[in-house]
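The structure appears below as structure tokens.
Along the sequence shown, the residues carry numbers beginning at 1.
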Amino acid sequence: MIPQPNPYQNVNPSPWPLTGAVAALLLTSGLVMWFHSNSYALLTMGGPLLALTAYQWWRDIVRESTFQGHHTPAIQKTLRFAMILFIISEVFFFTGFFWAFFHSSLAPTPEVGGNWPPAGINPLDPQKVPLLNTTVLLASGISVTWAHHSILAKKRKQALYALLITVILGMYFTVLQAMEYMEASFTIADGVYGSTFFVATGFHGLHVIIGATFLVICLLRLFLFHFTCHHHFGFEAASWYWHFVDVVWLFLYVSIYWWGS
């Protein structure tokens, strides 16, 4: 690692924020066009551009932190605060979904029959697939904590095994949730129950996919000896994010699956 004379990094000019913004615009516009007109043109441009931007941006960050020595203790402290603020913003993001659910379920309107769940809705059994998914995510939280402690204890092989288990459990959760969606007797178009259920659980599922991708990158970096017991913020941020995903799922299971059914 190259010695860093200044504790703070002067970031070099980068095109990736611009290409990322353009890719996000193309992707969201492409999704709208796909939903309404069944057109894939913008979607096929935005998806690859976003993937390419993410790959190159992450490559630059890995190079800066691991090989160029730019991520000094002062920078790592700043990044920790940034990750904490990001997770707090995610908390408020999901708070809106819970607010919508409890607003509709605690005082059901006459339009839904004055009952919750509304008449005609057969909710999913919370003791079947949702309970299995809860067990899977709790187990993944244990394994990612095991990986973190293994890195701190300089037990690289144990950290690799634990992180691989976490990634597999995250993918298993996604498969189970997809099967649950296909077997559900209601859709997102079935009134307020369907919309609150699928929006809340669907966005959580998206966060699981993002977190699993985050952990796959960390697994690759751990395999390439990028992490040490004193310099592994990338993994630390991924583990924080994964624990946040676990906690949100517990609230979803207790409120929407168990109490809401």
Using the rule that two of Ile, Leu, Val, Met, Phe, Trp, Tyr join whenever any of their side-chain heavy atoms come within less than 4.5 Å, decide whether I142 and L152 are in one cluster. no
Separation between OH of Y241 and CD1 of I210, rounded to the nearest 0.5 Å: 4.5 Å
Heavy atoms, side chains only, cut-off 4.5 Å: are W249 and Y257 in contact? yes
Is there a donor-acceptor contact under 3.5 Å linking the side chains of W57 and S14? no
Are the side chain of S195 and the backbone of V192 linked by a donor-acceptor contact shorter than 3.5 Å? yes
Is atom CZ of F94 surrounded by more than 12 heavy atoms (other residues, nucleotides or ligands) closer than 6.0 Å? yes
Common cluster, F35/L27, ILVMFWY with side-chain heavy-atom separation under 4.5 Å: yes
Just by distance, do the side chain of S261 and the backbone of P123 share a donor-acceptor pair under 3.5 Å? no
Looking only at non-hydrogen atoms, find the nearest pair between L176 and V129 and report the distance. O-CG1, 4.0 Å
T44 side chain vs A41 backbone, donor-acceptor pair below 3.5 Å: yes
Can you give the donor-acceptor pairs under 3.5 Å from side chains of residues 218-225 to other protein atoms, not counting sequence neighbours?
unit_1: R221; atom_1: NE; unit_2: H226; atom_2: ND1; d: 3.3
unit_1: R221; atom_1: NH2; unit_2: T66; atom_2: OG1; d: 2.8

Out of curiosity, L132 CG to Q127 CD, how far, rounded to the nearest 0.5 Å? 13.0 Å
Kindly give the heavy-atom pair with the smallest separation between H230 and Q76, and that separation in Å. O-OE1, 4.2 Å
In this structure, NE2 of H149 is separated from OG of S239 (nearest 0.5 Å) by 9.5 Å
Can you name the closest pair of heavy atoms from V136 and L169 and give their distance? CG1-O, 3.3 Å
Check: L137 and S140 side chains under 4.5 Å, non-hydrogen atoms: yes
Side chains of W116 and I121 in contact at under 4.5 Å (non-hydrogen atoms): no
Atom pair OG1 (T196) and NE2 (H103), whose distance is rounded to the nearest 0.5 Å: 11.5 Å
Nearest-0.5 Å distance that lies between atom CZ in F86 and atom CD1 in I88: 12.0 Å
Under a single-linkage definition using a 4.5 Å side-chain heavy-atom cutoff for Ile, Leu, Val, Met, Phe, Trp and Tyr, are L131 and V254 assigned to the same hydrophobic cluster? yes
Heavy-atom side-chain proximity of I209 to T174 below 4.5 angstrom: yes
Over all heavy atoms of both residues, which pair between F235 and V144 is shortest? Give the atoms and the distance, please. CZ-O, 3.7 Å
Look at the aromatic rings of W259 and F102 and report parallel, tilted or perpendicular, splitting at 30° and 60°. tilted
In this structure, which one of L252, L250, D246 forms a side-chain contact (heavy atoms from CB on, under 4.5 Å) with V248? L252
Any side-chain heavy-atom pair of R156 and F227 under 4.5 Å: no
Ring-plane angle category for W240 and F233, please: parallel below 30°, perpendicular beyond 60°, tilted otherwise. perpendicular
How close do E180 and P130 get, heavy atom to heavy atom, and via which atoms? OE2-CG, 3.3 Å
Under 4.5 Å between side-chain heavy atoms, hopping through other hydrophobics if needed: is there a path connecting L138 to L164? no
Is any side-chain heavy atom of I151 less than 4.5 Å from a side-chain heavy atom of E236? no
Donor-acceptor contact present, side-chain S104 to main-chain F101, <3.5 Å: no
Which atom pair, heavy atoms only, marks the closest approach of G205 to Q177? CA-OE1, 3.3 Å
Do the rings of Y193 and F186 sit parallel, tilted or perpendicular, given the 30° and 60° boundaries? perpendicular
So W242 and F214, do their side chains get closer than 4.5 Å, heavy atoms only? no
Taking CH2 in W146 as the centre, count heavy atoms belonging to other residues, nucleotides or ligands within less than 6.0 Å. Is the count above 12? yes
Step through the shown structure and confirm whether more than 12 heavy atoms of other residues, nucleotides or ligands are within 6.0 Å of CE on M33. no
Flag the pair R59 / V62 as yes when at least one side-chain heavy-atom distance between them is below 4.5 Å, and no otherwise. no
Might you work through the side chain to side chain donor-acceptor pair (under 3.5 Å) test for Y181 and T201, ending with a clear yes or no? CA-CA 10 Å; Y181 281 179; T201 59; 2.7 Å; yes
Does Y161, at its OH atom, have more than 12 non-hydrogen atoms belonging to other residues, nucleotides or ligands within less than 6.0 Å? no
Point-to-point distance, once rounded to the nearest 0.5 Å, from CD of E183 to CG of L124: 9.0 Å
Report the relative orientation of the aromatic rings in F203 and F97; use parallel for angles under 30°, tilted for 30 to 60°, perpendicular for over 60°. parallel
H204 and ring-ring contact (aromatic ring centres under 6.0 Å, His included): which partner among F173, Y253, F251? F173
Shared hydrophobic cluster, L79 / W58 (ILVMFWY, side-chain heavy atoms < 4.5 Å): no
Does a sphere of radius 6.0 Å around CZ in F98 hold more than 12 heavy atoms from other residues, nucleotides or ligands, not counting ones at 6.0 Å or beyond? yes
